Amino acid sequence: MGILWKEKIEKAVGVYAHIPYCVAKCPYCDFKSVVSRELPEKRYAECLLRELSSLIKKEGFDSSPRPLESLYIGGGTPSLFSPASIERLVSFILSAFTPLKDIEITLEANPDTVDLEKLKGYKRAGVNRLSIGFQSLIDAELKALGRTHSADKALRSFDAARSAGFANIGVDLIFGVPAQSVDSFTESLQKAVRLGPEHISLYNLTLEEGTPFHGSYVKEKNRSTPPLPAEEDELGMYGAAVELLGEAGYIHYEVSNWALPGRYSVHNRRYWSGGDYIGLGSSAHSFLSAPGWGRRWWNENDPALYMKLVDEGGVAEAGSEILTREEAMTEALILGLRMLDRGIDAVSFKARFGVYPKEAFGEWASLVKEGLIGCRGEDLLLTPAGVLLSNEVFLRLKG
Amino acid sequence: MVDRDRIRNFSIIAHIDHGKSTLSDRLLEYTGTITKRDMVDQFLDKMELERERGITIKAQTARLSYKADDGKVYILNLIDTPGHVDFSYEVSRSLSACEGAVLIVDASQGVEAQTLAHLYTAVDVGLEIFPVLNKIDLPAADPERIREEIEEVLGIDASEAVLTSAKAGIGIKDVLEAIVKRIPPPKGDPVAPLKALVFDSWYDAYQGVVVQVRVMDGAVRKGMKIRFMATGKEFEVDNVGVFAPGPKEIDELGVGEVGFVIAGIKEVRDTNVGDTITDASNPAREPLSGYKAAKSMVFSGLYPVDSSQYENLKEAVVKLRLNDSSFTFEPETSLALGFGFRCGFLGLFHMEIIQERLEREYNLELITTAPTVIYRVTKTDGTVLMVDNPSNLPPAQHIQLIEEPFIMATLHMPSEFLGAVLGLCESKRGVQKEIKYLSTSRVMVEYEIPLNEIVLDFYDKLKTLTKGYASMDYEYLDFRKSDLIKLDILINGEGVDALSLIVPRERAYTRGRDLAEKMREIIPRQMFEVIIQAAIGSKVIARETIKALRKNVTAKCYGGDITRKRKLLEKQKEGKKRMKSVGKVDLPQEAFLAVLKVS
């Protein structure tokens, strides 16, 4: 079983396609996205396909098409694109690989940009998983976050998705939002749980440099903006979520992700397990486990420039790195521990690096004593207390 | 032997940034001593560090050959001087090796604190001085006004001041002609017993110690047995030569000449600046006057962050000392920091240079404790001790009195900043001695101030308050009685010896409170609560709490975040390695220097 699993992630790939456009820029988001009235939808989609063709040739995948385990269309706001464009993307990408029978095809959707018809169209296009960006189900918080949709609209978009036939839906919520309280957050979460999504992502708001939020909360310490919750309250929100979602049957399988049994995100787990993936589109990242300890590359950030480069040369790589053994181990440490149910899997770690995690990370025993990590045989896992201090744990484990 | 009438020994003196190094470069270029192609800007600043900081730390000379308008070829020995107040003794010795000095004044900025300080030194050793107004090509240049200022403030004739722009190469020949015409040739007795003034020395990995000398009487030649009159040590001369500007061996250095002596000397401290070299078989009766042993005035503890690097640090300080006789060190043990060294420096600037060199050239990661001066403590039993580490101060009941070093600070500033500067000096326990308007817009003040106040953040404050327009110079006065006590810092109940400091009693409370608060800002949150206390004896006067870190987690980690996250972790790990664990608490370097930020 273990060997089969390993085969599967080594040979199979995932594909990420990035749609960089949005109807409005959210003040907390540091992702490179573009707000434009006229969407270069067709041209951009064609560029994605052209880029894929070039990469397949470049990486030598054309001689024997690799199994495709997952396709994730993210953004930006992919649901700005019409079902027709999405269908063209999906069918082209699938035809370039050997899709696994149970392939996961996810589309990120913004409540504001979808209705029943459109969602049915996505379903027909082959999308079998939706990720809906709720962010909050309290109108005041949505406003503070600069979102254009209402809580009601979010709830209705979920119902529409079910009606359209989506049996696998994830929703996103944010905590640590301006003016949010433990109670208001719990209310959002309860409303979301009542819908019965298969997957819930819960992100702590981060003030990223260069965003308007960073400007008003870190740089200017602007008093006219609603205050951020105290650290104490954020801890309360997280604690409430762990409890509430646990009771509702969700498995806390990654620091910020919960899923009903068997409904974890196949595509995201690929990122966290060191699997291969190809990223298409502006600012997309790709990773292949060879050469060296893995090669990662990333594309040009600006969509217009991305399209220009693809038009000219088929690809739009802006930078790359080949990992050293030490870097690969650091990543295996961070990503492995973030997967709370799996931890650092000793068998695959040993197969990759020739040592067991406990041999590679000498400090583990003292962290066990402090109750921040636990062992399952040779595997290392974060404890619930360790999750909140995970960055400190990584720092101490990294030799 | 060179005809003495054809020798001119001179220095260039200037306030920092008034163009000394650039003018030196132009003189070397103009006389063909160095070709433009080999010219590394500021040739005389030989160390990498000097070039980066753009100032000269170690003096070096160069011999220039110049055919003057009178048709004769002259040997001009340019003797470089260190550019910082910490090295004022070395400056005075370098100047003693000359007969004249070129005084550079920036034609727009005018007379500054160091212009005056260097000029006084030059006058003291009896040099012939002529002014040069530099940077005349700048739009703000006002040679007429500056000329008046020089005459008024410095009291020297500026009517025949040479106008230059060293940067643009204007007036270089005029400077050379003025050196030949206005600076007298050296005097001295060629047949008297050898007397050579040591004005610089350094350690060279191949040659051993290289000594820079000015021959005052007699001559020094290869094979001669020489004696250093202050230390009494004797050596046989391997060779003598001049820098032109690369080293060039010659047969002998005769009277009035400037050059180097190499004599199998292993340590720089055997060749103290200001000492007199004489002929061991025919010694001079008296050494040259003005010799002073270098004295450390500022002290701090240097400890390796990683205690396994102690041996490397030891090796490094021993090597540095070979090349710097004014740097001293003694092994020291701190309960908090382990094994390290208590090091003595001429001043703050000297301290920074040494630290930087240790870290850069020897690849060491160091924790530096806050700089302190040396205190003279008289105990109740009458014994006197010199305390260069606050944690060594005897218990209060055993102390009869404490004395601390005072300096005379000379400050120059545009008059609009006078109020701010007076306020600063008063707040630093200064006593005003003089206040003088140099012109309608420039003021000079003189203050007696405890050195300890300068060692803390005086320069930074001065710079901020005057937007960088004030300049300062100082000289040591003496030890004076002050009402001082020891302030201790406790972290989680444990006293940290390396954080103790000596403060004036009337400021102990404020200082303690500010310091504890500053430490709270500097020390990163740890996985447990950290309590910082300031105490006098057993009495706690301030307390701050750093709450335990309860949340440090990254929300998102997907394809595009992984590289960034990994790099962030690597960077944090590096930062952590630079911290020193005291008890269980990780303290960054800034925590040990927090006192510099609060006074």
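Letters go in sequence order (proteins before strands), and every chain restarts at 1. Computed over heavy atoms, backbone and side chain alike; hydrogens, waters and symmetry mates excluded. Computed from a predicted model, the values in this text were never measured in an experiment.
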Seminar exercise, completed: Checked A:Phe287, A:Tyr238, A:Trp298, A:Trp272 vs chain B; the most non-hydrogen pairs under 4.5 Å come from A:Trp272

For this session: Using a cut-off of under 4.5 Å on heavy-atom pairs, state which of A:Tyr271, A:Tyr277, A:Tyr16, A:Phe394 scores highest against chain B.
Result: A:Tyr271

For this session: Consider only side-chain N and O atoms of B:Lys565 and A:Asn391, and report whether a donor and an acceptor are under 3.5 Å apart.
Result: yes

Exercise. For A:Glu108 and A:Tyr72, does a side-chain donor sit closer than 3.5 Å to a side-chain acceptor?
Worked result: yes

Problem set entry | Heavy-atom pair count under 4.5 Å with chain B, highest-scoring of A:Ser256, A:Ala284, A:Gly279, A:Ser201 | A:Ser256

For this session: Among A:Ser286, A:Ala385, A:Ser390, single out the residue with the greatest number of heavy-atom pairs under 4.5 Å to chain B.
Result: A:Ser390

Exercise. Side chain, backbone, both or neither: which part of A:Leu372 has a heavy atom under 4.5 Å from chain B?
Worked result: side chain

Exercise. To the nearest 0.5 Å, how far apart are OH in A:Tyr28 and OG1 in A:Thr206?
Worked result: 11.0 Å

Problem set entry | Smallest separation among heavy atoms of A:Leu340 and A:Val387, with atom names | CD2-CG2, 3.7 Å

For this session: Taking only Lys NZ, Arg NE, NH1 and NH2, and the carboxylate oxygens of Asp or Glu, determine whether B:Arg566 and A:Glu327 approach each other closer than 4.0 Å.
Result: yes

For this session: Sort out for me which of B:Leu568, B:Leu549, B:Thr554 touches chain A most, counting heavy-atom pairs under 4.5 Å.
Result: B:Thr554

Exercise. Is a side-chain donor-acceptor pair under 3.5 Å present for A:Ser273 with A:Arg342?
Worked result: yes

For this session: Examine whether an atom of B:Lys576 lies under 4.5 Å from a heavy atom of chain A, and if so say whether it belongs to the side chain, the backbone or both; otherwise answer neither.
Result: side chain

